[in-house]
Protein chains: 2
Amino acid sequence: MREFLAITKALSDETRVRALRALRDGELCLCHLVGLLELAPSTVSKHLDVLCQARLVERRKDGRWAHFRLAGRAAPPLARQALRWVLTALKDDVTIARDAKRLATLRGRDLKELAACYKS
Amino acid sequence: MREFLAITKALSDETRVRALRALRDGELCLCHLVGLLELAPSTVSKHLDVLCQARLVERRKDGRWAHFRLAGRAAPPLARQALRWVLTALKDDVTIARDAKRLATLRGRDLKELAACYKS
DNA sequence: TCCTCATTTCGTCAACTAACGAAGTATAGC
DNA sequence: GCTATACTTCGTTAGTTGACGAAATGAGGA
């Protein structure tokens, strides 16, 4: 039950769901997500932490950068089922579609340039 | 997105999840659920309201009694998918198993006797 | 070594949520 | 009609959550 509730709580916030969906097309670093979600880095970091705790997302540290990706084959079945459901459920969502567009341009830029964004 | 979040928020509370699972084996009235969950009637009523808003549960009024059941064929696809996932995900949960046992005895009693319970 | 900077942790505040009991609504039975 | 009662609504309270900025952490480069 604890594992199940960790997942549903993680999924019960719009920001986290948007982050999940953004990761669908591949790994992103925190600054990409900050750029997409337009929230303070500390806030985004916290949200990703919740997703990691629920085992929906995996964190990979690479030097100064933290990369996040959807949980893979090693994830618990419950988390994998949840991911499958979420990603199909939101296929046609408008918010998600808008994010996907912005993501396309964000992915183009390199990390250094992006990181500079969250000063302003 | 709003519909999706209504569902995940409804599923992110242990009491509501237990109520959902209890309804799996058929309709129950509020007093059954009060007996099972051991919370104030007003609290249980509120929880069921959240589940109904999310379209996971349907309410049927019969005289003084309110009967609740899992959403059926008329429910939105998103809610039905969610129900399918929840009910399979919690198949082996210990809390749920304990509830199932208590439910078996609760279902045996008639409504009048049950309702009297939640005075004491 | 020292500085820079991406990220995380911490402390705080406002908003939300779950719990309760009291009061309100509505129905069955007299 | 009147009463008892099953449920819902309302108001209050305690605990949780999400947001931020400031400070801490830790890796890369001068």
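Side chains are part of it too, since the values below use all heavy atoms of this structure and drop only hydrogens, waters and symmetry mates. In the text below, chain A, chain B and the rest are named by the order of the sequence lines, each starting its count at 1.
- The main-chain N or O of A:R84 is found under 3.5 Å from a side-chain atom of A:T88 such that the two form a donor-acceptor pair.
- Using a 4.5 Å heavy-atom cutoff, the side chains of B:R69 and B:V57 are not in contact.
- If you check distances only, the side chain of A:T43 never reaches the base of D:dG18 with a donor-acceptor pair under 3.5 Å.
- With salt bridges taken as basic N to acidic carboxylate O contacts below 4.0 Å, one links A:R59 and A:D49.
- In this structure, A:S42 does not reach the C:dA6 phosphate: none of its side-chain N or O atoms is under 4.0 Å from OP1 or OP2.
- Residue A:V50 is the one, among A:V50 and A:D62, whose nearest nucleotide of DNA chain D lies closer to the 5' end (criterion: closest heavy atom).
- Of the listed nucleotides (C:dT8, C:dA19, D:dC7), C:dA19 has the atom at the smallest distance from the side chain of B:T15.
- Using a 4.0 Å heavy-atom cutoff across all strands shown, A:D13 reaches sugar-phosphate atoms only and no base atom.
- Each of B:F68 and A:V44 has a nearest nucleotide on DNA chain D; the 5'-most of these lies closest to B:F68.
- Between the C1' atom of D:dA6 and the CZ atom of B:R60 lies a distance of 14 Å, rounded to the nearest Å.
- The distance from atom NZ of B:K46 to atom P of C:dC16 is 13 Å, rounded to the nearest whole Å.
- Proximity of a side-chain donor or acceptor of B:S45 to a complementary backbone N or O of B:S42 within less than 3.5 Å is not detected.
- The A:L39 side chain lies nearest to D:dA19 when the options are D:dT8, D:dA19, C:dT7.
- Residue A:W65 has its side chain nearest to C:dA6 when only D:dG18, C:dA6, D:dA22 are considered.
- One atom, NZ of A:K61, and another, P of D:dG28, lie 10 Å apart when rounded to the nearest Å.
- Across the protein-nucleic acid pair, B:H47 atom NE2 and D:dT8 atom P stand 13 Å apart, rounded to whole Å.
- Between B:K9 atom NZ and D:dG18 atom P there is a gap of 9 Å when expressed in whole angstrom units.
- Look at CZ on A:R18: it is 15 Å from P on D:dG18, rounded to the nearest Å.
- Proximity of A:T8 to B:T8: side-chain heavy atoms (C-beta onward) are nowhere separated by under 4.5 Å.
- A close approach under 4.0 Å does not occur between any side-chain nitrogen or oxygen of B:R59 and OP1 or OP2 of D:dC7.
- Within the structure, every side-chain polar atom (N or O) of B:R64 is placed at least 4.0 Å from both OP1 and OP2 of C:dT25.
- Atom CD of A:E14 is separated from atom C1' of D:dA19 by 15 Å (rounded to the nearest Å).
- To the nearest angstrom, P of C:dT7 lies 10 Å from CG of A:L48.
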